[in-house]
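Before any comments, here is the structure.
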Amino acid sequence: MTPFVWQCPRPSVMGIVNVTPDSFSGGGQFYDVGGAVDHALQLVAEGADILDIGGESTRPGAAVVPLDEELRRVVAVVERVAKQTTCPISIDTSKAEVARACLAVGATIINDVTGLRDPAMVELAARTGAGVVVMHMQGDPRTMQLNPTYGNVVQDVSDYFTERISTLTDAGIARSAIALDPGIGFGKTLEQTLQQLRELQKLQSFGLPVCLGVSRKGFLGQITGKPRTERLAGSLAVACFALAQGAAQILRVHDVAAHADAVKVWRHVS
Ligand code: 8Y4
């Protein structure tokens with residue numbers, strides 16, 4: 001595989017594709033592969049620059065699905081989508097085994113919410129030349145929102161990236177393959193999230209693309225009182241705030257058409 005190099009001459013829209021349990025299976029034993037493939041192709045038609053395909057192993061209270069099953073279904077979706085589009089595919093996983101299998105069938109980017117905590121993931125990325133999204137998370141998905149604590153969240157996230165960039169490049173991952181992500185909602189209170197967003201621009205000092213995932217997230221609900229289905233306007237407000245400062249190069253979103261329009265209009269007026 002030729003090494004992946006992030007190129008962000010303009011902001012990219014990364015469309016979220018959840019490979020969710022089939023609603024007919026009544027408990028998450030079977031994934032809706034066809035539905036996920038159709039959704040992915042729909043997002044490409046809406047203007048996605050990248051597709052982020054993932055299972056949902058981190059959702060609290062989700063039915064336990066055997067790793068083999070999750071692996072097979074996510075790989076099947078990546079394989080089928082890769083055959084039908086040239087849109088770059090990122091695989092949302094922290095499991096090196098899942099990433100390896102998806103890279104083998106056409107994914108070129110690893111989006112790892114643990115920031116490549118597993119040395120096997122680091123080794124895989126180095127060996128394959130895959131692009132990586134290194135996300136910050138305090139703690140683990142199960143306990144991260146219990147009592148997130150920082151000296152200064154912006155400084156601590158920045159220090160974390162300094163360490164990760166050094167570890168990853170020492171292991172043979174090219175700097176040009178790395179994107180950073182502050183991990184909005186991952187071990188951060190509302191106030192910590194707002195602080196991180198207000199000072200998001202500071203992450204530009206690394207000279208690497210910054211990926212931002214705020215789409216429909218909990219803090220928007222805390223501010224507006226709206227449920228997940230009614231958080232598009234709030235999501236767009238944060239996206240435009242970040243774009244206007246050049247603070248985010250990749251927007252990870254559910255609503256691709258709306259964000260693609262926002263990026264297009266923002267470019268015209270800026
Ligand atoms: C509705 C449905 C609202 C799901 C929120 C959610 C990020 C990420 C996630 C992120 C990167 C999520 C996998 C959480 N968030 N990857 N992944 N950055 N790079 N929740 O912010 O979208 S999952």
Side-chain angles (χ1 to χ4, degrees), residues 6 8 11-21 36 39 43 48-62 70 74 78 88-95 98-99 102 107 109-117 121 125 130-142 144-145 148 153 157 160-161 164 177-188 190 192-193 196-197 200 203 208-224 226-236 238-239 242 247-256 258-259:
W6 284 104
C8 304
S12 298
V13 175
M14 173 189 268
I16 301 170
V17 180
N18 283 316
V19 187
T20 53
H39 185 226
L43 296 187
D49 301 292
I50 302 168
L51 292 169
D52 188 40
I53 300 179
E56 53 154 26
S57 47
T58 54
R59 197 183 64 171
E70 176 186 336
V74 174
V78 170
I89 296 171
S90 125
I91 172 69
D92 159 22
T93 187
S94 51
K95 299 187 185 86
V98 174
C102 291
I109 301 161
I110 301 166
N111 174 32
D112 184 349
V113 298
T114 72
L116 291 79
R117 214 172 273 183
M121 191 69 108
V132 295
V133 179
V134 178
M135 204 193 77
H136 173 272
M137 164 169 53
Q138 185 174 93
D140 62 81
R142 214 167 26 87
M144 63 189 181
Q145 289 305 105
V153 65
V157 168
Y160 168 80
F161 287 139
R164 291 319 288 161
I178 301 174
L180 308 176
D181 189 315
I184 297 305
F186 285 82
K188 296 163 188 84
L190 173 60
Q192 288 158 355
T193 294
Q196 180 65 71
L197 289 172
L200 191 65
L203 292 179
L208 297 174
V210 168
C211 176
L212 183 67
V214 300
S215 184
R216 302 183 187 174
K217 278 190 178 167
F219 79 99
L220 299 170
Q222 288 179 272
I223 294 169
T224 63
K226 300 272 178 79
R228 287 196 187 288
T229 51
E230 294 168 33
R231 295 179 189 166
L232 173 57
S235 305
L236 286 168
V238 181
Q249 286 69 43
I250 305 150
L251 303 172
R252 181 182 180 275
V253 306
H254 300 85
D255 304 283
V256 167
H259 284 82

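We count ligands from 1, going down the list as the structure has it; atoms in each ligand are counted the same way.
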Gly213: numbered ligand 1 atoms lying under 4.0 Å from its heavy atoms: 21 (O)

NZ/NE/NH1/NH2 to OD/OE distance under 4.0 Å, Arg117 and Asp112: no

Atom indices of ligand 1 within 4.0 angstrom of Asp92 heavy atoms, with elements: 13 (C)

Side chain, backbone, both or neither: the part of Val113 lying under 4.0 Å from ligand 1 by heavy atom: side chain

Enumerated ligand 1 atoms positioned under 4.0 Å from heavy atoms of Ser215: 3 (C), 5 (C)

Contacting atoms of ligand 1, where contact means under 4.0 angstrom from a heavy atom of Phe186: 7 (C), 9 (C), 14 (C), 15 (N), 23 (S)

Geometric N/O contact Arg228 with ligand 1, under 3.5 angstrom: no

Student check: side-chain heavy atoms of Val17 and Asp52 closer than 4.5 Å: no

Glu230 bridged to Arg216 by N-O distance under 4.0 Å: no

Heteroatom proximity flag, Arg252 to ligand 1, N/O under 3.5 Å: yes

Side chain, backbone, both or neither: His254 near ligand 1, heavy atoms under 4.0 Å: side chain

Region of Arg216 engaging ligand 1 - heavy atom pairs below 4.0 Å: both

Pairwise distance CD1(Ile223) to CG(Leu190) - rounded to 0.5 angstrom: 5.5 Å

